[in-house]
Amino acid sequence: MDRIGWQRDLEVWTERAGQAASLGQWDQVGEYYRLRGEHLQDGPIAPALAEQLLTLDQFVKERAVVARAALESMLAEVATIRQRLQGLRLWDGVGDSTHHRMDHRA
């Protein structure tokens, strides 16, 4: 592959990683970075291209930070709901084995 095509592939994979990050397709992000990483081993890149790739990488990093914060928020909300449900079960007597036996007799 010629040098220009090789560098263009690096750009394309990084751009696609950014697009996948915007869509939350993190498995695709990983795959594009894997491809890029393999080809980065083939030789040095121009400083201008390196800057461009770093700018795109920053975009992907920002999307990842936002996604992680959203997941952490959702997990905290789920934990809160779970605690409330457990409290309701205990309050309603669901955890009491006597209560279960009474229900079955009725």
Side-chain angles (χ1 to χ4, degrees):
M1 176 183 299
D2 65 50
R3 194 86 178 138
I4 293 173
W6 173 77
Q7 290 187 359
R8 182 65 190 137
D9 285 346
L10 295 174
E11 290 177 80
V12 168
W13 288 322
T14 307
E15 290 168 357
R16 287 182 182 168
Q19 292 166 355
S22 293
L23 298 171
Q25 298 171 337
W26 299 105
D27 56 333
Q28 288 295 316
V29 172
E31 180 62 16
Y32 290 128
Y33 274 110
R34 184 191 66 74
L35 290 168
R36 187 182 87 170
E38 286 178 2
H39 287 334
L40 279 171
Q41 296 174 9
D42 291 343
I45 60 174
L49 177 58
E51 274 299 314
Q52 182 181 1
L53 296 180
L54 287 173
T55 299
L56 291 167
D57 288 347
Q58 184 61 36
F59 172 80
V60 172
K61 179 182 175 185
E62 290 168 4
R63 297 292 74 74
V65 168
V66 168
R68 181 178 181 173
L71 285 172
E72 288 174 352
S73 175
M74 284 188 268
L75 288 172
E77 187 176 338
V78 167
T80 300
I81 292 169
R82 185 177 197 177
Q83 287 176 341
R84 287 182 187 157
L85 287 173
Q86 287 175 342
L88 287 173
R89 286 184 189 129
L90 291 174
W91 178 79
D92 193 32
V94 171
D96 184 6
S97 62
T98 306
H99 186 261
H100 286 293
R101 279 186 259 148
M102 290 175 58
D103 284 343
H104 291 302
R105 289 182 190 170

Going through the checks in order, is the side chain to side chain contact (heavy atoms under 4.5 Å, CB included) test met by Ile81 and Glu77? CA-CA 6 Å; Ile81 292 169; Glu77 187 176 338; 4.1 Å; yes
For the side chain of Thr55 and the backbone of Glu51, is there at least one donor-acceptor N/O pair under 3.5 Å apart? yes
Working note: Trp6 + Ile45, criterion side chain to side chain contact (heavy atoms under 4.5 Å, CB included); need CA distance, chi angles, decisive distance, verdict. CA-CA 10 Å; Trp6 173 77; Ile45 60 174; 3.2 Å; yes
Which pair of heavy atoms, one from Glu11 and one from Leu49, lies closest together, and at what distance? CG-CD1, 3.3 Å
Which distance, rounded to the nearest 0.5 Å, do you find between the CZ of Arg36 and the OG1 of Thr14? 4.0 Å
Heavy atoms, side chains only, cut-off 4.5 Å: are Leu54 and Asp57 in contact? yes
Following the transitive rule for hydrophobic clusters with a side-chain heavy-atom cut-off under 4.5 Å over Ile, Leu, Val, Met, Phe, Trp and Tyr, establish whether Val29 and Leu35 coincide in one cluster. no
When rounded to the nearest 0.5 angstrom, what distance separates OG1 in Thr80 from CG in Leu85? 11.0 Å
Arg63 vs Trp26 side-chain heavy atoms within contact, under 4.5 Å: yes
Using the side chain to side chain contact (heavy atoms under 4.5 Å, CB included) rule, take Glu15 and Gln52 through it: C-alpha gap first, then chi angles, then the decisive distance, then the call. CA-CA 10 Å; Glu15 290 168 357; Gln52 182 181 1; 4.2 Å; yes
Nearest heavy-atom neighbours spanning Val60 and Ala21: CG1-CB, 4.2 Å
Nearest 0.5 Å, what's the CD-CG distance between Gln19 and Leu56? 10.0 Å
Considering all heavy atoms of both residues, which atom of Trp13 and which atom of Tyr32 are nearest to each other, and what is their separation? O-CB, 3.4 Å
Which heavy atom of Ser22 sits nearest a heavy atom of Phe59, and at what distance? OG-CZ, 3.2 Å
Does atom CD (Gln58) have a neighbourhood of more than 12 heavy atoms from anything else shown, all under 6.0 Å? yes
Run through the side-chain heavy atoms of Ile, Leu, Val, Met, Phe, Trp and Tyr, join any pair under 4.5 Å, and report what else lands in Leu23's cluster. none
